[in-house]
Amino acid sequence: MATLNQLERVTETIWELPRSFKAGMRVPARIYGTEKIIRAMDETVYDQISNVACLPGITQYAFCMPDGHFGYGFPIGGVAAMDVDNDGVISPGGIGFDINCGMRLIKTHLSYKEVKPHLKTLVDRLFKQIPAGVGSSGLLKVSRSEFRQVCQQGARWCVQQGLGWEEDLERTEEGGVIGGAEPAKISERAIDRGLNQLGTLGSGNHYLEIQVVHPENIYDPTLARFFGLDLPEQVVIMFHCGSRGFGHQVATDYLQRFLKVMTSKYGLEIRDRELACAPFHSPEGQDYFAAMKCALNMSFANRQVILHRVREVFAEVLGRSTEDLGMHMIYDVAHNTAKLEPHQVNGKQRTLLVHRKGATRAFGPGRSELPEIYRQVGQPVIIGGSMETGSYLLIGTPDGAQTFFSTAHGSGRTMSRRKARKQWQGEALLSQLEERGIYIRSVSKRGVAEEAGGAYKDIDEVVTATDLAGLSKPVVRFIPIGNIKG
DNA sequence: ATGTCC
């Protein structure tokens, strides 16, 4: 097992495991973090990220973001760009079981003062309208053929059904729908699991929060104004969820299929079964890519239905129209995905399959993939913190090129769920937080204990690390006042 | 993360 002194410090925030660290590494591995973060980091990350560095086609480095920690095969926080024209592979473990787990941020014209008297009603209504917890079913019922349309049309399907605004799509990564999704490549079992899951939150670290912008937490006033986050004590809504059991089943199906052919058919030797992969251009690789895109689209649709519920609840409780409430989306960004992107490598343009697992895309200004409204300033990045400590809106930078424009996605756990359950009591934590002005509704007290702020890294330190490294710049920090969770 | 083991 590696120790801190096996890392070579490249800069204040970049720590490298050279190829000599482990036999078979095709590229060095780079972990991002302040010294404090690196010292506290679980050393299993070194082992996992150096395994990733052994995968065929990996380009330049295997990266781990400052919020990185142990995951299935790849660490959470892992970034790996595979050159698909040079034997690059696609690996479900580099994307995550929760395909297109991501963040969505919505602003309002409301102040904390206006919301405070209605906070409990708002949270209670949201908790009812947006089902949370393992195995929860949504209020929206769709047929199997409609679900297949969702797989192909993503959030656009929702907007066509009246579940959102046209502008929501522009403010969603990929316009809320990624091309190339093929429902024929997903199992009936996956459809069974996904059918009733549109508009549901899930469990674990999935949540929806009402948050406030305090003036002292505006780090870039010009950009804050640009995003329309310059009203006094302004209220926003942020949520974190993914493709639920549907994406989980897609990942499970293809992990099994890859394991069958990986060695026998493609001769791929990997260091860990959890790194199961297939050549991107193989039939299996292409099938998974097309199936994964169904889950990407289902997840964009899931978050779109949730946004619609949020608007309905706010309009109902406050007795005002959503337009009047200014409930415009700022952005929706995935942090569990793999996407084909053009990147400069040693002065040449290459097509890379960028795996981001618990890592957020963070394009700098000018990228053609960005919607017109954001192309000049760069991509909004949403980093969600724990229910106690707050979350961030950041912006992508030109320096992000060093990680193929990737940054952190959250705080990152510092301890297991089991350990957190021993240290905190859900019931007691709920009352403590209510005294501090944070009202929480959860389906399980156990879940509350597991998500205690103390079980997570210091999000300010994570954001500082991305800022110092040049991966993303903080714009605004949000403080939670209400939270619903699984 | 996940119908937390078909």
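So you know, we letter chains A, B, ... as the sequences are listed, proteins then strands, and number each from 1.
To the nearest angstrom, P of B:dT2 lies 13 Å from CD1 of A:Ile76. Counting to the nearest Å, the C1' atom of B:dT2 and the CG atom of A:Asp192 are 16 Å from each other. Following rounding to the nearest Å, A:Phe97 (CZ) and B:dC5 (C1') show an atom-to-atom distance of 13 Å. Atom CD of A:Glu274 and atom C1' of B:dT2 are 15 Å apart (whole Å). Remark: P of B:dT2 and CG of A:Leu255 are 16 Å apart, rounded to the nearest angstrom. If you measure from atom CD of A:Gln249 to atom P of B:dT4, you get 11 Å, rounded to the nearest angstrom. Between the CD atom of A:Glu188 and the P atom of B:dC6 there is a distance of 18 Å, given to the nearest Å. Between the CG atom of A:Asn302 and the P atom of B:dT2 there is a distance of 10 Å, rounded to whole Å.
In plain terms, the two heavy atoms of A:Gly358 and A:His409 that are nearest each other are O-ND1, 2.9 Å. Nearest heavy atoms, A:Arg26 versus A:Leu55: CD-O, 3.1 Å.
Summary of the strand contacts: A:Asp98 and A:Arg446 both lie near DNA chain B, and taking for each the nucleotide with the nearest heavy atom, the more 5' one is attributed to A:Asp98.
Within the nucleic acid shown, A:Gly204 comes within 4.0 Å of sugar-phosphate atoms alone, with no base atom in reach, counting heavy atoms only. Using a 4.0 Å heavy-atom criterion, one finds that A:Glu450 contacts no nucleic acid atom at all. When heavy atoms are screened at a 4.0 angstrom cut-off, A:Gly242 is found touching no nucleic acid atom at all.
In this structure, A:Phe258 has its ring center under 6.0 Å from that of A:Tyr288.
Note on ring orientation: taking the six-membered ring where Trp is involved, the planes of A:Tyr374 and A:Phe227 are tilted (angle from 30° to 60°). Between A:Phe63 and A:Tyr61, the ring planes lie tilted relative to each other; the angle falls in the 30° to 60° range.
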Under 3.5 Å, sequence neighbours excluded: what are the donor-acceptor pairs made by side chains of residues 275-287 of chain A?
residue  : atom : partner  : partner atom : Å
A:His281 : NE2  : A:Val84  : O            : 3.2
A:Ser282 : OG   : A:Pro279 : O            : 2.7
A:Ser282 : OG   : A:Gly285 : N            : 3.0
A:Glu284 : OE1  : A:Tyr266 : OH           : 2.4
A:Glu284 : OE2  : A:Lys265 : NZ           : 2.8
A:Gln286 : NE2  : A:Phe280 : O            : 2.7
A:Asp287 : OD1  : A:Lys185 : NZ           : 3.2
A:Asp287 : OD2  : A:Arg257 : NH1          : 3.1
A:Asp287 : OD2  : A:Arg257 : NH2          : 3.0

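At least one side-chain nitrogen or oxygen of A:Ser203 sits closer than 4.0 Å to the OP1 or OP2 atom of B:dT2.
A heavy atom closer than 4.0 Å to some atom of DNA chain B occurs in A:Val134, A:Gly135, these being the qualifying members of residues 126-135 of chain A.
Using a cut-off of 4.0 Å between Lys/Arg side-chain N and Asp/Glu carboxylate O, A:Glu174 and A:Arg156 are scored as not salt-bridged.
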